[in-house]
Amino acid sequence: MKSKKLAEFYEEASSTTKRLEKIKILSKFLKELSENDRDVMYLLLGDIYPEYSEKRIGISNQLAIKAISKATGIGSKQVTKEWKLIGDLGKVAEKLTKKKKQATLHTAQTLTTKKVLENLRKLPELEGKGTVGKKLSLITELLSSATPIEALYLIRTLIGDLRIGIKESTVRESMALAFFPGLDKDGKKKAAKKIQDAIDRTNDLAAVFDIVRKKKLESLDKLPLQVGKPIKAMLAQKVNTIADGFKVVGKPCAIEYKYDGFRLLIHKKDKEVILFTRRLENVTNQFPEVVEYVQKYVSGKSFILDSEAVGFDKKTKEYKPFQSVSQRIRRKYHIEKLQKELPIEVNVFDIIYYEGKPQLDEPFEKRTALIKKIIKNHPYKIVHSKGIITDSEKQAKKFYKKALADNQEGIMLKNLKAEYQPGSRVGHMLKIKPEERDLDLVITGAEYGTGKRSGWLSSFILSCRDGNKGEYLEIGKVGTGIKEKTEEGTSFEELTKELTPYIIEEKGKSVKIKPKLVVSVTYQEIQKSPNYNSGFALRFPRLTVLRPDKSIKEIATPEEIKKDFENQKRNWRYG
Ligand code: AMP
């Protein structure tokens, strides 16, 4: 396909903010794709590979500026100046390409999406000496052949900020509309669910599209769950009381510790063990001891387990909060030392696949029985997660207290008959935590500090996520809880380092940041506020920890915040 055609689609999709309009525009575009255009599905979301792949483009604003400069013959300083003025590097590329095209005779070749993907896919492969130069020529080659609107979207794709408002859910709805137009509302809903399930299972939009475009909805079920490729974890909903929880999941139900750790999805394929976070990141190298525990204490040749890894004190064996072990997720060096200092225990609570058979449709109680059969408990190494089955509120409360006394976050309530639904925030798995007043939010902006903090980002805008619209809504600013020195915890320096690659706009001291970095924030109270577009503000927010393991799709939603706001009012009223 001509890359210009894709750019024109991007343009059309950006022309409306209405979700239904976008779905119509995308469904028309999808119908025009040929079999050979399947990989365009990745480009629609600004990617070059399926979501399960860890290969990302990862081009900094600075390199993009250099490439624009090289391709247009306009100095980097001038490009940077334009960027400060316009605030969108894509628009800068468009403007400067237009200028150049007017000045020179257009002899460049027509770009195809195949060529775009070919060059972009080489970027993450480059390593070592001369990388920057090689990257620059791959990008410049594309830019030199690009028309102004192609240049606009090429640059936005490169810096990971496509801004066309197309999300996975838009693609799902558009596929259903494009290929099953005859279905009634209910039928369309079912088709969309089947498509979404297949996406969650495979994390490969093009693989799903291959089947959908042939209008073979039933064949989607056959898209295999693949051991070794990450799948999305099932997520929980929140309730405030055990009584409410019983109403939702039914009685009796399973009640388990809600461990204060991080999620690990454990794949074993023949002899190889691969570990993923719930963001689908491969963290096998960071946890060699887990690989060993799985090899030694879990029987079976191939399986996928779902678990929570929790830290404990090496001397007292007391469980420790997530903060204390969070650094293990990302540190790539001195692994052995960290392993000794910050040991973890793996608590297995689900099984998704076993010896060639997906377990997704098996009832929870059967899956749990299988876990018990194949895992030999080795405390402080790998164990079945602690749980009871009960229909008694009294017993449930006692267990809840025990979990808290054991330094855990709370409890999970699980319906005994329920299936495993990858990627969904399901109503048959619930979490209950004490009213702690904490939220997971994402940083979407910041301000550079002054004086002692000059050069560092020092005040951070926090946002929640409206899942339906895929929008990020601001709810406050945080500057407390962050340390001056990295040894003391999450520091300004660390945050600045983490966030700088995601800066998408700079104006004076303020920067706009692509929603990437999830953080946990405690607060004293949620207030209604006209100052932020979520309609709420946090009183006395304090950043407690970075959540590199959590995806932006898992952060607090406006509905949850509204609920917390109302609950807090109710609690005040009733003491
Ligand atoms: P939250 O992070 O507050 O949305 O709570 C859900 C998370 O709790 C899951 O994603 C798991 O990482 C974690 N968790 C801890 N213990 C369990 C358990 N027994 N069953 C399921 N999830 C658990």
Side-chain angles (χ1 to χ4, degrees), residues 230-240 245 249 253-266 275-281 283 305-311 319 321-323 325-326 329 344-352 364-365 367-368 371-372 375 382-389 396 399-400 402-404 406-416 418 420-442 464-465 467 518-522 544-557 560-561 563-564:
I231 66 163
K232 293 195 187 108
M234 178 163 77
L235 304 172
Q237 286 180 3
K238 185 171 153 190
V239 282
N240 289 319
V249 293
C253 72
I255 302 188
E256 293 175 359
Y257 271 23
K258 181 180 189 319
Y259 293 94
D260 190 5
F262 55 94
R263 196 130 182 200
L264 268 189
L265 284 114
I266 304 170
L275 310 173
F276 295 106
T277 64
R278 59 187 184 194
R279 276 184 63 178
L280 317 183
E281 268 174 319
V283 288
L305 305 175
D306 196 354
S307 74
E308 184 88 351
V310 58
Y319 287 119
F322 168 73
Q323 276 104 304
V325 287
S326 71
I329 300 173
I344 52 163
E345 176 186 70
V346 179
N347 294 271
V348 181
F349 55 75
D350 222 319
I351 183 159
I352 300 169
F364 173 75
E365 55 191 352
R367 299 199 304 274
T368 318
I371 294 174
K372 299 223 160 113
I375 303 178
I382 186 166
V383 293
H384 323 134
S385 54
K386 282 200 180 78
I388 55 170
I389 292 178
F399 190 76
Y400 187 13
K402 192 171 153 217
L404 295 179
D406 223 354
N407 290 346
Q408 302 306 344
E409 270 197 301
I411 47 171
M412 307 291 296
L413 268 61
K414 300 183 182 180
N415 177 312
L416 295 174
Y420 191 103
Q421 277 175 268
S424 309
R425 202 166 273 290
V426 292
H428 52 71
M429 176 162 105
L430 306 173
K431 54 185 178 191
I432 301 185
K433 302 199 259 187
E435 258 250 64
E436 245 187 9
R437 312 226 160 131
D438 65 337
L439 288 171
D440 288 338
L441 297 164
V442 70
C464 57
R465 179 176 187 268
V518 178
V519 292
S520 289
V521 175
T522 58
T544 51
V545 67
L546 305 189
R547 295 290 326 209
D549 58 320
K550 283 201 177 182
S551 121
I552 43 173
K553 291 186 189 152
E554 296 175 60
I555 64 172
T557 61
E560 278 165 9
I561 288 166
K563 243 192 214 169
D564 285 353

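Just so you know, ligand 1 is whichever comes first in the structure, and atom 1 is the first atom listed for that ligand.
For the pair Glu345 (side chain) and Val310 (backbone), a donor-acceptor distance under 3.5 Å is absent. The closest donor-acceptor contact from the side chain of Gln408 to the backbone of Asp260 lies under 3.5 Å.
Salt bridge status for Lys550 with Asp440: present, with a side-chain N to carboxylate O gap under 4.0 Å. Electrostatic pairing of Arg278 and Glu554 counts as a salt bridge here, judged by a charged N lying under 4.0 Å from a carboxylate O.
Aromatic ring centres of Phe399 and Tyr257 lie closer together than 6.0 Å.
Set against the non-hydrogen atoms of Tyr257, the atoms of ligand 1 under 4.0 Å away are 16 (N), 17 (C), 18 (C), 19 (N). Each of the atoms 2 (O), 7 (C), 9 (C), 10 (O), 11 (C), 12 (O) of ligand 1 lies under 4.0 Å from some heavy atom of Arg278. For ligand 1 and Lys550, the ligand atoms under 4.0 Å from any heavy atom of the residue are 1 (P), 2 (O). Which parts of ligand 1 touch Lys431 is read off a 4.0 Å heavy-atom cut-off, strictly below it: atoms 1 (P), 3 (O), 4 (O), 5 (O).
Of all protein heavy atoms, the one closest to atom 5 (O) of ligand 1 is Lys258 NZ, 3.0 Å. Ranking the protein heavy atoms by distance from atom 23 (C) of ligand 1 puts Phe349 CE2, 3.7 Å first. Nearest protein heavy-atom neighbour of atom 16 (N) of ligand 1: Tyr259 N, 3.0 Å.
Counting only non-hydrogen atoms, the option in Glu308, Arg425, Met412 that gets closest to atom 11 (C) of ligand 1 is Glu308.
His428 and Gln421 share a donor-acceptor pair across their side chains, judged by distance under 3.5 Å alone.
Contact between Lys414 and ligand 1 is present, with at least one heavy atom of the residue lying under 4.0 Å from the ligand.
Annotation: Glu256 places an N or O atom under 3.5 Å from an N or O atom of ligand 1; distance criterion only.
The cationic group of Arg547 lies under 6.0 Å from the six-membered ring centre of Phe322 and within 45° of the ring axis, placing it in a cation-pi geometry.
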